[in-house]
Number of protein chains: 2
Amino acid sequence: MPNTPNESSVVHIVDDDVDLGDGLSSVLRSVGLNAKTYRSTQEFLRADDLDAPGCIVLDIRLPGTNGLDFQEELVGLGVRLPVILMTGHGDIPMSVRAMKAGAVDFLPKPFRDQDMIDAVTAAINRDRLQRASEQQAVAIVDRYATLSPREREVMALVTAGKMNKQIAGELGLSEVTVKIHRGAGMRKMGARSLADLVRMADTLKDRTR
Amino acid sequence: MPNTPNESSVVHIVDDDVDLGDGLSSVLRSVGLNAKTYRSTQEFLRADDLDAPGCIVLDIRLPGTNGLDFQEELVGLGVRLPVILMTGHGDIPMSVRAMKAGAVDFLPKPFRDQDMIDAVTAAINRDRLQRASEQQAVAIVDRYATLSPREREVMALVTAGKMNKQIAGELGLSEVTVKIHRGAGMRKMGARSLADLVRMADTLKDRTR
DNA sequence: TCATCGACCATACCTTCGTGTGATGACATT
DNA sequence: AATGTCATCACACGAAGGTATGGTCGATGA
């Protein structure tokens, strides 16, 4: 299962060397992977499938942009695809910087085809895992968005483990009102038990960090 | 706060070049850090303060052992100290491997004193964070160890969000018995609310992974 | 053998939770 | 003016949770 690259995943190859990009493309296609090539970061950013499953294979020396800088910019641009960096003239500090920034791998050119295949496979797996947890988290955030302000206050205290009576005291409400907000919160969040709700609350907190 | 290295932290420098080790030592001491030097991994492993807060500065080319291999062995040996690697003859694949294995940094020699100070500071901070969460987790595991088998079964279903009645059904017990085990579990775990207990259960699961 | 501990259950009692009915007032939108 | 949402509360009832009393049974260990 870990070595089952999904056909629906797209490998975005960003390299100004067209020959290398095409070569890489066919290597990846030969193992059943979709590949798209771009000659610049600008061209890449115009692609319409940056939200689709996949990963990025990024050259460091690019016209205009630096690959390492671009890797860090991607976060701000909302592109969460795992990144593999490659370079013909890299050094250790560059690779360390890239890995610290979360790169999946850093391959000096020339590299063996198999090394790139392994890196891409790992990247796509990482993307799959990211997506799975992201999907869950987004669903929870969406539901949380439907809560009224008061409901959120109450749910916060509920997930902190307080009793309805305490919550009523802290918010200056009657216990009945707390129960109503609590019930509404559970329904809106789709929580079938308090344990459920606590875990959702923790997921929400993780996303804020 | 992030740049406040604790004096109680020990920087373990493992390098067969005594001059370099001593030089590093005095640099680190000059910024208020404790440093100890070792000429081999064997000597390092004989140290008695491997459980104390700190980090490891490890040379890759060492007599007998390879620094990268040793870094990976440390996990099996139960040494959780963050590792900084340094080398005079390293290449990119080495640095990538080290970073993948969780190294804090990878410095090619010669490096600037400040770079090492920064790396050590980051490593000690990481250690501090690790220790904080580790401490919490160990406390929970210890308390969990005092639960009887039945209590664990019940608590598992409780934290899964099931009602006492359901739990009684699944385990073939009366509801009262479930309540007793549940109460005992809460007391032994030191949970003041169900929310507390759910979070403890999740912490326990994280450690199994 | 006696003590201890884990597991089990009944009965009883109180607390907490969840929900429904019915109602009021504020505010925003249509 | 009418509609809708949010927020509030009283009263009431049944469900679920928590604890205590008191007792049985079997295994373990001093």
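All chains are named by letter (A, B, ...) in the order of the sequence lines, taking the proteins before the strands, and each is independently numbered beginning at 1.
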Taking the nucleotide of DNA chain C with the nearest heavy atom to each, does A/Gly183 or B/Thr146 sit closer to the 5' end?
B/Thr146
Among [options], the one nearest [X] by side-chain distance:
{"X": "B/Thr177", "options": "D/dC6, D/dA16, C/dC8", "answer": "C/dC8"}
{"X": "B/Glu175", "options": "D/dG17, D/dA7, C/dT19", "answer": "D/dG17"}
{"X": "B/Ser174", "options": "C/dA10, D/dG18, D/dC9", "answer": "C/dA10"}
{"X": "B/Val176", "options": "D/dG17, C/dA10, D/dA10", "answer": "C/dA10"}

Between [atom2] of [N] and [atom1] of [X], the distance in whole Å:
{"X": "B/Arg182", "N": "C/dC8", "atom1": "CZ", "atom2": "C1'", "value": "18 Å"}
{"X": "A/Leu173", "N": "D/dC6", "atom1": "CG", "atom2": "P", "value": "16 Å"}
{"X": "B/Lys188", "N": "D/dG18", "atom1": "NZ", "atom2": "C1'", "value": "17 Å"}
{"X": "A/Leu194", "N": "D/dG17", "atom1": "CG", "atom2": "C1'", "value": "12 Å"}
{"X": "A/Lys179", "N": "D/dG14", "atom1": "NZ", "atom2": "P", "value": "14 Å"}
{"X": "B/Gln166", "N": "D/dA15", "atom1": "CD", "atom2": "P", "value": "15 Å"}
{"X": "A/Leu147", "N": "D/dT5", "atom1": "CG", "atom2": "C1'", "value": "14 Å"}
{"X": "A/Leu157", "N": "C/dC17", "atom1": "CG", "atom2": "P", "value": "13 Å"}

I want to check something: taking the side chain as every heavy atom from C-beta on, are B/Asp17 and B/Asp59 in contact at a cut-off of under 4.5 Å?
no
Minimum side-chain heavy-atom gap A/Thr37-A/Val18 below 4.5 Å:
no
Decide, yes or no, whether a salt bridge links [X] with [Y] under the criterion of side-chain N to carboxylate O below 4.0 Å.
{"X": "A/Arg80", "Y": "A/Asp127", "value": "no"}
{"X": "B/Glu72", "Y": "B/Arg97", "value": "yes"}
{"X": "B/Arg131", "Y": "B/Glu134", "value": "no"}

Under 4.0 angstrom between [X] side-chain N/O and [N] OP1 or OP2:
{"X": "B/His181", "N": "C/dG6", "value": "no"}
{"X": "A/Asn164", "N": "C/dC17", "value": "yes"}
{"X": "B/Lys165", "N": "D/dA15", "value": "no"}

Judged by each residue's nearest nucleotide on DNA chain D, which is more toward the 5′ side, B/Met163 or B/Ile180?
B/Met163
